[in-house]
Number of protein chains: 2
Amino acid sequence: MARPGTEELRRRNRAALLEQLHRHGPQTRAELTEALGLNRSTIATIAADLAESGHIQETTGRSTGSAGRPSTLVACVPKAESVAAVEIRADRVRFALYGLGGEVLERAETPLLTGVEASAAAAAAAALVEGAGAEAVAAVPGLVDAGEVAHSTELGWAGSDVAADLADATGREWLVVDTATAAAVGEWTRGDAFEATKLLYLHGGRGVTAGLVVEGRSQRGGSIQLGHIVVEPNGQECACGLRGCLEAEMEAFGYAEDIERATMAAGMGDASAKDGLRRSGQDLGRALGAVVTATGPDEILFGGWLRELYLSAAAPVRSALAETTLPHLRSRLRLRTPVLGQEGPLIGAAETGFAALFDRMR
Amino acid sequence: MARPGTEELRRRNRAALLEQLHRHGPQTRAELTEALGLNRSTIATIAADLAESGHIQETTGRSTGSAGRPSTLVACVPKAESVAAVEIRADRVRFALYGLGGEVLERAETPLLTGVEASAAAAAAAALVEGAGAEAVAAVPGLVDAGEVAHSTELGWAGSDVAADLADATGREWLVVDTATAAAVGEWTRGDAFEATKLLYLHGGRGVTAGLVVEGRSQRGGSIQLGHIVVEPNGQECACGLRGCLEAEMEAFGYAEDIERATMAAGMGDASAKDGLRRSGQDLGRALGAVVTATGPDEILFGGWLRELYLSAAAPVRSALAETTLPHLRSRLRLRTPVLGQEGPLIGAAETGFAALFDRMR
DNA sequence: AGTATTTGTTGTTGACTGCAACATATGACG
DNA sequence: CGTCATATGTTGCAGTCAACAACAAATACT
């Protein structure tokens with residue numbers, strides 16, 4: 001009875017096969033053999049195992065055009081495992097249940113009164129989730145550290161133990177990640193940023209945060225308060241108590257979530273709007289410069305309203321960045337906008353949950 | 001013949017046992033059983049295996065004072081595996097050969113002419129190493145990325161492929177890490193910073209760099225050019241082409257490696273020296289603020305001449321840090337000085353090599 | 001001196017993966 | 001349309017591994 005020994009191998013291989021299908025879609029057994037580096041017979045054993053437990057479904061292979069016996073196609077069953085993802089925002093809580101392979105099984109949302117406490121948001125999330133999914137993950141905009149939200153400009157929270165609140169409200173464990181990091185994971189796994197080894201996602205909501213993801217995986221401390229990088233020593237007073245934070249300096253220009261109006265005004269030739277955008281872009285570039293020097297990403301995505309800011313003020317962002325980062329760090333840097341839009345944080349939260357699920361299976 | 005399958009288990013367990021001995025010193029088989037979570041009999045098998053290959057030595061157990069048969073003591077054999085560590089500095093190349101368990105087997109150094117090219121430094125390193133050790137690791141002060149030194153203020157290099165130069169000169173593979181990261185690894189593994197989950201080591205040489213280590217392991221992009229964080233927009237011109245870099249601003253105060261003179265002068269009441277230290281500390285604190293916000297460490301070590309700066313200007317460093325980081329990030333932060341001194345980078349480089357060696361054994 | 005306790009040793013067992021031989025299903029070719 | 005080449009699934013077997021249990025050994029305690 002060698003359980004923790006040899007059976008660990010089986011568990012690892014099971015998890016690897018399922019993860020492969022989850023991430024890269026239906027594949028033939030031959031492709032799986034290649035991808036996992038295992039023997040044909042081993043794949044057969046594991047596939048039979050997973051088929052019996054209902055995780056995968058095999059369909060008799062169709063001809064591929066080339067010679068040889070066609071390989072059987074293997075696909076994961078969406079409902080076999082699912083992850084409940086929740087995004088907590090200032091105005092509402094969004095929920096989606098993702099099945100294996102990334103399919104959306106359910107979707108819902110609840111409006112939230114502004115200025116809501118963490119426990120109330122947790123209650124709203126609990127009502128939406130109702131025990132669905134093997135893992136539950138919440139994305140919260142702010143500085144997240146070990147389940148706690150240390151600071152959130154958007155929600156006005158500080159030191160809220162959201163993981164505990166959610167656990168109390170639902171009677172289960174929760175993972176908590178920050179929205180920017182979640183979105184980064186989403187763009188890497190389901191967007192087109194999978195080539196980036198170090199991906200920095202900027203999230204512009206009521207606050208400005210950033211998330212760093214290395215090879216697609218979030219990591220402890222990847223939650224970055226970009227909005228509280230000091231860009232102007234002795235600058236504007238910020239709600240956080242510091243002076244000259246990026247958020248405070250930007251707020252002085254009078255917009256934030258109201259970026260559309262500003263870009264429109266600038267487009268119509270409004271000089272003060274133009275100048276505001278330019279200076280915002282410059283401040284953002286400076287803050288980014290420090291973060292880039294400190295973390296060395298190779299791709300930066302501008303999400304939320306920063307997307308609009310970047311699209312209409314790319315030049316000042318780039319030039320401020322150029323003035324504050326070494327050539328080498330700059331040269332390998334790609335600046336882009338995300339492709340998943342609103343869904344990014346939810347998808348990324350779900351993928352974080354799936355990663356945990358696969359890890360737990362091993 | 002199930003090689004890549006079940007034999008992988010054996011390899012993993014062998015490596016785990018050896019790593020345990022390397023990191024925590026001689027232990028009894030009973031302790032190893034506890035630490036690795038394996039069965040007594042399994043430990044016995046693996047120990048016999050490693051004893052035959054000469055990696056460990058078992059000595060009959062002595063009484064521990066408590067009841068029961070005394071457990072046999074197991075120790076790793078230093079010469080069984082070794083790592084060659086080299087530190088390249090502006091004035092010399094230092095070399096030490098470390099055996100399993102961290103023992104120093106050899107030590108040597110070669111003076112270097114100032115303004116030396118990367119290839120010449122590589123040749124000097126090659127002569128010192130001469131095929132010794134299973135792994136060879138070089139610590140270089142600067143921005144290291146995938147074996148290349150993108151920027152080094154101290155050495156005056158930019159875009160030097162040191163890994164390739166070393167490989168050419170020695171006919172073997174080299175790992176290249178930056179000096180600050182190496183020192184961080186050293187302080188974590190052999191110093192007293194093992195409690196830190198995110199350790200930031202500041203290295204003051206001719207340039208100012210930093211290294212980030214998460215749970216004792218260096219990571220891609222952990223090499224931080226702290227000296228090129230811009231602390232003064234439109235400030236002093238820096239050799240790197242930017243303006244207002246920390247290095248350039250500090251250099252304006254006239255010291256760098258000559259910190260002893262400055263602290264002494266300040267101690268004697270020299271007002272301008274005092275002011276220089278204060279302003280240097282302030283600039284350092286500001287740059288640190290950005291790095292802390294971006295990376296969220298829980299411990300910072302001031303190494304090289306920054307040690308002296310910190311010891312004599314802790315107040316301005318702390319207050320500037322307080323003005324540029326959120327309370328939560330600051331509250332869990334411990335500021336300290338390293339304990340390994342000059343040996344830190346070499347020890348850390350060696351430990352990086354041992355980590356690679358153990359990974360390769362698996 | 002005898003008992004309790006802890007640990008090393010040995011033979012056995014259940015499990016896993018890889019291999020090789022065979023069976024099966026397709027395309028290519030005459 | 002039949003044969004051959006090719007690629008893949010299937011099956012029985014072999015080699016390896018870690019856990020377990022029973023036994024032996026070595027110590028402390030009474």
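Proteins come first, then strands; the chains are lettered A, B, ... in the order of their sequence lines, and each starts at number 1. Predicted model only: the values in this text are computed from it and were never measured.
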**Q** Return the value, rounded to whole Å, for the distance between atom CD of A:Glu58 and atom P of D:dG9.
**A** 9 Å
**Q** Specify the angle, to 10°, made by the local axes at the two ends of the helix from C:dA1-D:dT30 to C:dG30-D:dC1 when five pairs are taken at each end.
**A** 0°
**Q** Just the rounded figure in Å: distance from C1' of C:dT17 to CD of A:Glu7.
**A** 14 Å
**Q** CD1 of B:Ile43 versus P of C:dT6: gap in Å, rounded?
**A** 19 Å
**Q** So does A:Asn13 get a side-chain nitrogen or oxygen closer than 4.0 Å to the phosphate oxygens (OP1/OP2) of C:dC16?
**A** no
**Q** Of the non-hydrogen atoms in A:Gly147 and A:Val144, which two are nearest, and what is the gap between them?
**A** N-CG1, 4.4 Å
**Q** Rounded to whole angstroms, how far apart are CD on A:Glu31 and P on D:dA7?
**A** 15 Å
**Q** Have a look at A:Thr72 and say if it touches a base, only the backbone sugar-phosphate, or nothing, with a 4.0 Å heavy-atom cut-off.
**A** sugar-phosphate
**Q** Looking at every non-hydrogen atom in both residues, tell me the closest pair between A:Pro78 and A:Glu103 and how far apart they are.
**A** CG-OE1, 3.4 Å
**Q** So, OP1 or OP2 of C:dT9: does either fall under 4.0 Å of a side-chain N or O from B:Arg29?
**A** yes
**Q** Applying salt bridge (charged side-chain N to carboxylate O under 4.0 Å, His left out), run through A:Glu7 and A:Arg12 and close with a yes or a no.
**A** CA-CA 9 Å; A:Glu7 268 191 20; A:Arg12 287 162 54 94; over 6 Å; no
**Q** If I take atom CG from residue A:Leu199 and atom CG from residue A:Asp298, how far apart are they, to the nearest 0.5 angstrom?
**A** 8.0 Å
**Q** Name all pairs fulfilling the salt bridge (Lys or Arg N to Asp or Glu O under 4.0 Å) condition that reach into residues 20-40 of chain B, sequence neighbours left out, sorted by first residue then second.
**A** B:Arg29-B:Glu58
**Q** Expressed in angstrom and rounded to an integer, what is the separation of A:Leu73 atom CG from D:dA7 atom P?
**A** 19 Å
**Q** Pairs in or reaching into residues 69-84 of chain A: which pass side-chain hydrogen bond (donor to acceptor under 3.5 Å, both in side chains), with residues at least two apart or in two chains?
**A** A:His55-A:Glu81
**Q** Are A:Arg107 and A:Glu343 ion-paired here, with the side-chain N under 4.0 Å from a carboxylate O?
**A** yes
**Q** Can you tell me whether the side chain of B:Thr45 and the base of D:dC17 have a donor-acceptor pair closer than 3.5 Å?
**A** no
**Q** For A:Asp49, give me all partners under side-chain contact (heavy atoms from CB on, under 4.5 Å), at least two apart in sequence or on another chain.
**A** A:Arg10, A:Arg14
**Q** Any donor-acceptor pair under 3.5 Å between the side chain of B:Ser41 and the base of D:dC20?
**A** yes
**Q** Starting at atom CG of A:Leu9, determine the distance to atom P of C:dG14, rounded to an integer number of angstrom.
**A** 19 Å
**Q** Does A:Asn39 make a side-chain N or O approach to OP1 or OP2 of C:dC19 shorter than 4.0 Å?
**A** yes
**Q** Roughly how many Å is it from CZ in A:Arg10 to C1' in D:dC17, rounded to a whole number?
**A** 15 Å
**Q** Below 4.5 Å, heavy atoms only, C-beta onward: do B:Thr28 and B:Leu32 meet side chain to side chain?
**A** no
**Q** For A:Ser71, report the nucleic acid contact type (base, sugar-phosphate, nothing); a contact means any heavy atom under 4.0 Å.
**A** sugar-phosphate
**Q** Return a single string for nucleotides 21-30 of chain C, one symbol per nucleotide in 5' to 3' order, where B is base contact, S is sugar-phosphate-only contact and - is none, cutoff 4.0 angstrom on heavy atoms.
**A** B-BBBBS---
**Q** Extract all donor-acceptor atom pairs below 3.5 Å that involve side chains of residues 345-362 of chain A and protein atoms in other chains or at least two apart in sequence.
**A**
{"unit_1": "A:Glu351", "atom_1": "OE1", "unit_2": "A:His22", "atom_2": "NE2", "d": "2.9"}
{"unit_1": "A:Glu351", "atom_1": "OE2", "unit_2": "A:His22", "atom_2": "NE2", "d": "3.4"}
{"unit_1": "A:Glu351", "atom_1": "OE2", "unit_2": "A:Arg190", "atom_2": "NE", "d": "2.9"}
{"unit_1": "A:Glu351", "atom_1": "OE2", "unit_2": "A:Arg190", "atom_2": "NH2", "d": "3.1"}
{"unit_1": "A:Thr352", "atom_1": "OG1", "unit_2": "A:Gly348", "atom_2": "O", "d": "2.8"}
{"unit_1": "A:Asp359", "atom_1": "OD2", "unit_2": "A:Arg217", "atom_2": "NH2", "d": "3.1"}
{"unit_1": "A:Arg360", "atom_1": "NH1", "unit_2": "A:Glu135", "atom_2": "OE2", "d": "2.8"}
{"unit_1": "A:Arg362", "atom_1": "NH2", "unit_2": "A:Glu19", "atom_2": "OE1", "d": "2.6"}

**Q** What is the distance, rounded to the nearest whole Å, between atom CD1 of B:Ile46 and atom C1' of C:dG8?
**A** 15 Å
